[in-house]
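Note sheet for the following structure.
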Amino acid sequence: MPEGPSIVILKEEAQIFEGKKVIAVSGNSKEAIDRCQGQKVIAFKTWGKHFLICFQDFTVRIHLMLFGSYLINATKEAMPRLSLNFDNGFINFYSCSLKFIEGDLDAVYDWSADIMNDHWDVKKAVAKLKAQPATLLCDALLDQHIFSGSGNIVKNEVLYRLRLHPLNKIADVPPRALSKLAKETRTYAFDFLRWKKEFTLKEHWLAHTKSICTRCNIPLHKAYLGKTKRRTFYCDNCQQLFKPKPSSS
DNA sequence: CCGGTTGTTCAGCG
DNA sequence: GCGCTGAACAACCG
C-alpha cells in the first residue's frame with residue numbers, strides 16, 4: 001500500500017476520528033499501546049510514509065512498510081497490531097511498524113522534506129542532492145531525507161517522465177535538471193494521489209512494470225539498480241545518461 | 001503453489 | 001567506523 005500519497009489518503013479517511021477520545025485499545029504490538037486509552041486524538045499527520053496519531057503528550061508513529069494495511073470500521077481474520085475504538089467507529093492497523101514519539105513532533109520531523117507537505121522545499125531538496133554528488137538518481141529518489149514519501153513507483157515514473165537515466169550520478173546531472181527533478185517528484189506524487197483515489201493509478205503507469213517504452217516502442221530494461229537494489233524500469237534510448245564530469249572519477 | 005514486492009532496520013563482516 | 005550484504009519482518013497478488 002504505502003508510498004506517501006497512500007498515507008495521505010489514510011489521513012483523510014481517519015479524519016472522522018480527529019478530536020475523538022479513544023475508548024478502547026487492543027492489538028498485538030509489543031509497545032505500550034494501552035497508554036492511548038482515554039486519550040483524545042489531537043490530530044492525524046503524515047510525514048512521507050509515516051502516519052502519525054497525535055495525542056497531548058505523545059504520538060503513535062505507524063509505518064506500513066511493504067505489507068502493512070489498515071481498515072476503518074471493518075475487520076479481517078488477522079489480529080490487528082493496533083486497534084483504536086472511538087464512539088463513532090474504529091480503525092485497525094495490521095502488520096505495521098509501531099513506535100511512540102515523545103513530545104514535540106517539530107523537533108523530530110523536517111516537514112520541508114516531505115514531498116506531500118505544504119512546507120515542501122524544492123531548493124532544500126536540490127541542495128541535499130548536490131551535497132551527495134556520487135549518489136545515483138535511482139537511490140536519491142528513494143532517500144527519505146531528501147524525498148520523504150517517494151517510493152519505488154514514484155522513482156520509476158518521475159525518471160521516465162523527465163527522460164533521466166536512473167544510473168546518472170548527481171554530479172553529472174545539470175543543476176536545472178536536478179531542480180526539475182525535485183519539482184516533478186512532488187507533481188507526480190499528487191498525480192499519484194488523484195489517480196489512486198480514482199482507482200486508476202496502475203493504468204497511468206508509463207514505466208513501472210512496463211515492458212515496452214511507449215515513446216520509443218522498444219523494450220524497457222528491468223534491473224535492480226543502485227545501493228538500494230530496487231526494481232527499476234527504464235529506457236536506454238530516451239532516458240538521458242549524462243557524460244561523467246572529468247573530475248568525478 | 002510459488003515467486004515477487006509501493007519498505008526499513010539491523011547484525012555481521014571485511 | 002565505514003560500507004556492503006543478507007536476513008528478518010510478513011501479506012497479498014497473479
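Atom set for the values below is all heavy atoms of this structure, side chains included, hydrogens, waters and symmetry mates excluded. Chain identifiers are assigned alphabetically (A, B, ...) following the order of the sequence lines, protein sequences preceding nucleic acid strands; residue numbering begins at 1 within each chain. Every value quoted in this text rests on a predicted model; they were computed, and no experiment measured them.
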Any Lys49(A) side-chain N or O less than 4.0 Å from OP1/OP2 of dT8(B): yes
Distance between P atoms of dG6(C) and dG4(B) (Å, rounded): 16 Å
Parallel, tilted or perpendicular: rings of Tyr109(A) and His50(A) (30°, 60°): perpendicular
Nearest non-hydrogen partners of Phe55(A) and Cys36(A), listed with the distance: CE1-SG, 3.8 Å
Residue that, paired with Asn92(A), satisfies side chain to side chain donor-acceptor pair (under 3.5 Å) out of Ser83(A), Ser26(A), Ser69(A): Ser83(A)
Short side-chain N/O contact to dG3(C) OP1/OP2 from Lys227(A), under 4.0 Å: no
Length of the line joining Leu64(A):CG and dT8(B):C1', which is rounded to integer Å: 13 Å
Any Arg230(A) side-chain N or O less than 4.0 Å from OP1/OP2 of dT5(B): no
Verdict with supporting geometry, Glu157(A) and Leu206(A), side chain to side chain contact (heavy atoms under 4.5 Å, CB included): CA-CA 7 Å; Glu157(A) 291 298 303; Leu206(A) 300 175; 3.6 Å; yes
Whole-Å gap separating P (dT6(B)) and CZ (Phe51(A)): 23 Å
Integer-rounded Å distance: dT9(B) P and Gln144(A) CD: 9 Å
Arg161(A) bridged to Asp191(A) by N-O distance under 4.0 Å: yes
Nearest-angstrom distance, P atom, dC1(B) to dC9(C): 23 Å
Nearest-Å distance for atom pair CZ/C1', residues Phe199(A) and dT6(B): 16 Å
N or O in side chain of His208(A) less than 4.0 angstrom from dT6(B) OP1/OP2: yes
Side-chain N,O (Arg231(A)) to OP1/OP2 (dT5(B)) below 4.0 Å: yes
Could you write out each protein N or O paired with an N or O of nucleotides 8-11 of chain C at a distance under 3.5 Å?
none

Rounded distance in Å - CZ (Arg61(A)) to P (dG7(B)): 15 Å
Note: Asp87(A)-Lys20(A) ion pair, threshold 4.0 Å (strictly below): yes
Integer angstrom distance from the P of dG3(B) to that of dA7(C): 15 Å
Under-4.0 Å salt bridge between Arg163(A) and Glu184(A): no
Rounded C1' spacing from dC10(B) to dG1(C) in Å: 16 Å
